[in-house]
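Everything quoted here is computed from the prediction, not taken from an experiment. The figures that follow rest on heavy atoms only: side chains count, while hydrogens, waters and symmetry mates do not.
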Amino acid sequence: RWVLSLQCSGSRNLMSALRRAVEVDFKEKDKHKSQGLYLLTTGIPDQDIHTVSAYVAEVCRGFDLQLHVCLFSIMEDADSSGIIPARYATPAETATAFKEIVQAANGRFHWFGEAGIFESDDIAVIASEMEKAKNYSQKCAFLVESVKQRS
């Protein structure tokens, strides 16, 4: 169930958006069925990552929520409005920062760009399950072959 949409117009003030989401919109949390917050972003937050992570960890435990992040990497230094953000980080640094935040929130991280998917927790889980299935299938094939050779 979708409860709200947050927009940090002209900045990446993630703390303000998160506070709005959890302290205003979730103050009557018993009325909401939400289990997660989804952050769609193109760059690093204006605030210190450790501060954001600590806040997110505390809040998500208190509300039984998860914060999931979808990072879209663009190749330009300025956003579509031409505003250069207050804080700059490379795409890899930004991804590392959001992975820390997502870990603190027990959420999932997805990173994609114009070239496709760079990293996705969901895809990693699916790939892991496929690898387990492949290994199980190989073990079964070896067992069947072993039984055939004995008879």
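The heavy-atom pair separating Ala105 from Val56 by the smallest distance is CB-CG1, 3.0 Å. Contact detail for Pro45 and Ile101: the closest heavy-atom pair is CG-CD1, 4.3 Å. Residues Phe118 and Gly113 approach most closely at CE1-N, 3.6 Å, considering heavy atoms.
Remark: side-chain polar atoms of Ser137 are not paired, donor with acceptor, to backbone N or O of Ala133 under 3.5 angstrom. Side-chain N or O atoms of Ser128 include none that pairs as donor or acceptor with a backbone N or O of Ala124 at under 3.5 Å. In this structure, the side chain of Ser146 does not engage the main chain of Phe142 through any donor-acceptor pair within 3.5 Å.
A distance of 5.5 Å separates CG of Asn135 from CD of Gln138, quoted to the nearest 0.5 Å. Of the inter-residue distances, the one linking Met15 atom CE with Asp46 atom CG reads 12.0 Å to the nearest 0.5 angstrom. Taking NZ of Lys132 as the start and CD of Glu129 as the end, the distance is 4.5 Å to the nearest 0.5 Å. Atoms CG and NE2, from Asp121 and His110 in turn, are 6.0 Å apart once rounded to the nearest 0.5 Å. Atoms SG and CG, from Cys60 and Leu67 in turn, are 5.5 Å apart once rounded to the nearest 0.5 Å. To the nearest 0.5 Å, atoms CD1 (Ile123) and CZ (Arg108) are separated by 11.5 Å.
Considering only heavy atoms from C-beta on, His68 stays 4.5 Å or farther from Leu39 through its side chain. Looking at heavy atoms from C-beta onward, Glu93 lies out of side-chain contact with Ile44 at the 4.5 angstrom threshold. Two residues are said to be in side-chain contact when any heavy atoms from C-beta on lie closer than 4.5 Å; Leu14 and Phe98 meet this criterion. Proximity of Leu37 to Gln66: side-chain heavy atoms (C-beta onward) are nowhere separated by under 4.5 Å. Looking at heavy atoms from C-beta onward, Val69 lies in side-chain contact with Thr41 at the 4.5 angstrom threshold. Side-chain contact between Val59 and Leu18: absent, with no pair of heavy atoms (C-beta onward) separated by less than 4.5 Å. Counting only heavy atoms from C-beta outward, the side chains of Cys70 and Phe112 approach each other to under 4.5 Å. Looking only at side-chain heavy atoms (C-beta outward), Tyr55 and Arg19 come within less than 4.5 Å of each other.
Atom CD of Glu119 has more than 12 neighbouring heavy atoms from other residues, nucleotides or ligands inside a 6.0 Å radius.
Side-chain N/O atoms of Ser120 and Trp111 include no donor and acceptor closer than 3.5 Å.
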If you apply the rule side-chain contact (heavy atoms from CB on, under 4.5 Å), what do you find for Leu71 with Thr42, and how did you get there? CA-CA 6 Å; Leu71 172 64; Thr42 59; 5.7 Å; no

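Linking Ile, Leu, Val, Met, Phe, Trp and Tyr whenever their side-chain heavy atoms come within less than 4.5 Å leaves Val125 and Phe109 in two separate clusters.
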